There are 2 protein chains.
Amino acid sequence: MALQQTLRALSDPIRREILHLLKKGRMAAGDIVSHFEVTGASISRHLSVLKEADLIRDCREGKYIYYELNASVLEEILLWLAELKGAETHD
Amino acid sequence: MALQQTLRALSDPIRREILHLLKKGRMAAGDIVSHFEVTGASISRHLSVLKEADLIRDCREGKYIYYELNASVLEEILLWLAELKGAETHD
DNA sequence: TTAACATTTAACCTAATTGTTAAATGTAGT
DNA sequence: ACTACATTTAACAATTAGGTTAAATGTTAA
């Protein structure tokens, strides 16, 4: 997977927040949506960007589609990077 | 400096290539421009995005403005990150 | 098979990004 | 002061990104 896609995917605050949520464990799309003010359609597209960037995986279970982090390491690196730069911990 | 700005700045391939160039040492704006196909005006704006993200610093010397990396560490991290993900080394 | 629910996809709108050219700014040399 | 050069800023066009609502898809259960 290209670096370009990964960085582009990470450049949006909602997508980073989604990764942050998934750090705790997998979640159904609907549960993810409920953490944000935007519509499900909007989150669904964010999820597809993250998926194309290979940062998350999805797996359908019945009528739910669960998402899980594909590279939890990445979040760790970013947190470290943020601290290195003396930035706010996330966002 | 906010993570948002850093990641946004890093999400453009030209800007990443500029950082890559600056890894070797400081360069005048014009020299940077000559490495790309786009106009000086366009590169100038890319430079200002990188500067706002605090990834580079500038210092005027006579009629030249030299740019230098402000966080060479960052490039290292990204290269490592790219390898971790099994991606192309840069871009 | 119909109804209800979860999620995605399509169509559309607006705002942001990136590029261009032309004008403005800053500096050096004559 | 004038000219030449290096770089940025302004104004504009084209593209991309992110949001919305409405329609489509997939799944379960009656």
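Just the heavy atoms: all of them, side chains too, but no hydrogens, waters or symmetry mates, feed the values below. Quick caveat, the model's predicted, so the values are computed rather than measured.
Nearest nucleotide to the side chain of A/Leu47, out of C/dG19, C/dT8, C/dT27: C/dT8. Taking the side chain of B/Asp12 as heavy atoms from C-beta on, and the options C/dT8, D/dT7, C/dT18, the nearest nucleotide is C/dT18. Closest to the A/Tyr67 side chain, of the nucleotides D/dG19, C/dT7, D/dT27, is C/dT7. Of the candidate nucleotides D/dT7, C/dA10, C/dT27, D/dT7 has the atom nearest to the side chain of B/Ala28.
Chaining together hydrophobic side chains whose heavy atoms lie under 4.5 Å apart leaves A/Val49 on its own.
Look at CG on A/Leu50: it is 14 Å from C1' on D/dA17, rounded to the nearest Å. Atom CD1 in A/Ile56 sits about 13 Å away from atom C1' in C/dT7, given to the nearest Å. For B/Asp58 and C/dT27, the CG to P distance is 12 Å, given to the nearest whole Å. Atom CD in A/Glu61 sits roughly 15 Å away from atom C1' in D/dG26 (whole-Å rounding). With rounding to whole Å, A/Arg45 atom CZ is found 18 Å from C/dA6 atom C1'. C/dT17 atom P lies 15 Å from atom CG of B/Leu10, rounded to whole Å. What separates CZ of A/Arg26 from P of C/dT7 is a distance of 12 Å, to the nearest Å. Following rounding to the nearest Å, A/Glu52 (CD) and D/dT16 (C1') show an atom-to-atom distance of 14 Å.
If A/Lys63 and A/Arg15 are placed on DNA chain D by their nearest nucleotide, the residue sitting closer to the 5' end is A/Arg15. When each of A/Arg60 and B/Ser42 is assigned the nucleotide of DNA chain C with its nearest heavy atom, A/Arg60 is the one assigned upstream, toward the 5' end.
The cluster map of Ile, Leu, Val, Met, Phe, Trp and Tyr, joined by side-chain heavy atoms under 4.5 Å apart, puts B/Leu47 and B/Tyr64 in different clusters.
Residue A/Arg8 has a polar side-chain atom (N or O) positioned under 4.0 Å from OP1 or OP2 of D/dG18. Close to D/dT8, at under 4.0 Å from its OP1 or OP2, lies no side-chain N or O of B/Tyr64. Proximity of A/His46 to the phosphate of D/dG19: a side-chain N or O atom is located under 4.0 Å from OP1 or OP2.
A donor-acceptor pair under 3.5 Å is formed between the side chain of A/Arg15 and the backbone N or O of A/Ala9. Judged by distance alone, with hydrogens and angles left aside, the side-chain atoms of B/Ser42 form no donor-acceptor pair with the main-chain N or O of B/Thr39 at under 3.5 Å.
Remark: A/Val38, A/Thr39 in residues 32-40 of chain A come within less than 4.0 Å of DNA chain D through at least one heavy atom.
Across B/Leu22, B/Leu21, B/Ile18, a single residue satisfies side-chain contact (heavy atoms from CB on, under 4.5 Å) together with B/Leu69, and that is B/Leu22.
Between B/Ala28 and B/Tyr66, the shortest heavy-atom contact is N-CD2, 3.5 Å.
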#### Entry: Derivation and outcome, salt bridge (charged side-chain N to carboxylate O under 4.0 Å, His left out), residues B/Glu61 and B/Arg26
CA-CA 12 Å; B/Glu61 266 177 43; B/Arg26 67 180 211 157; 3.0 Å; yes
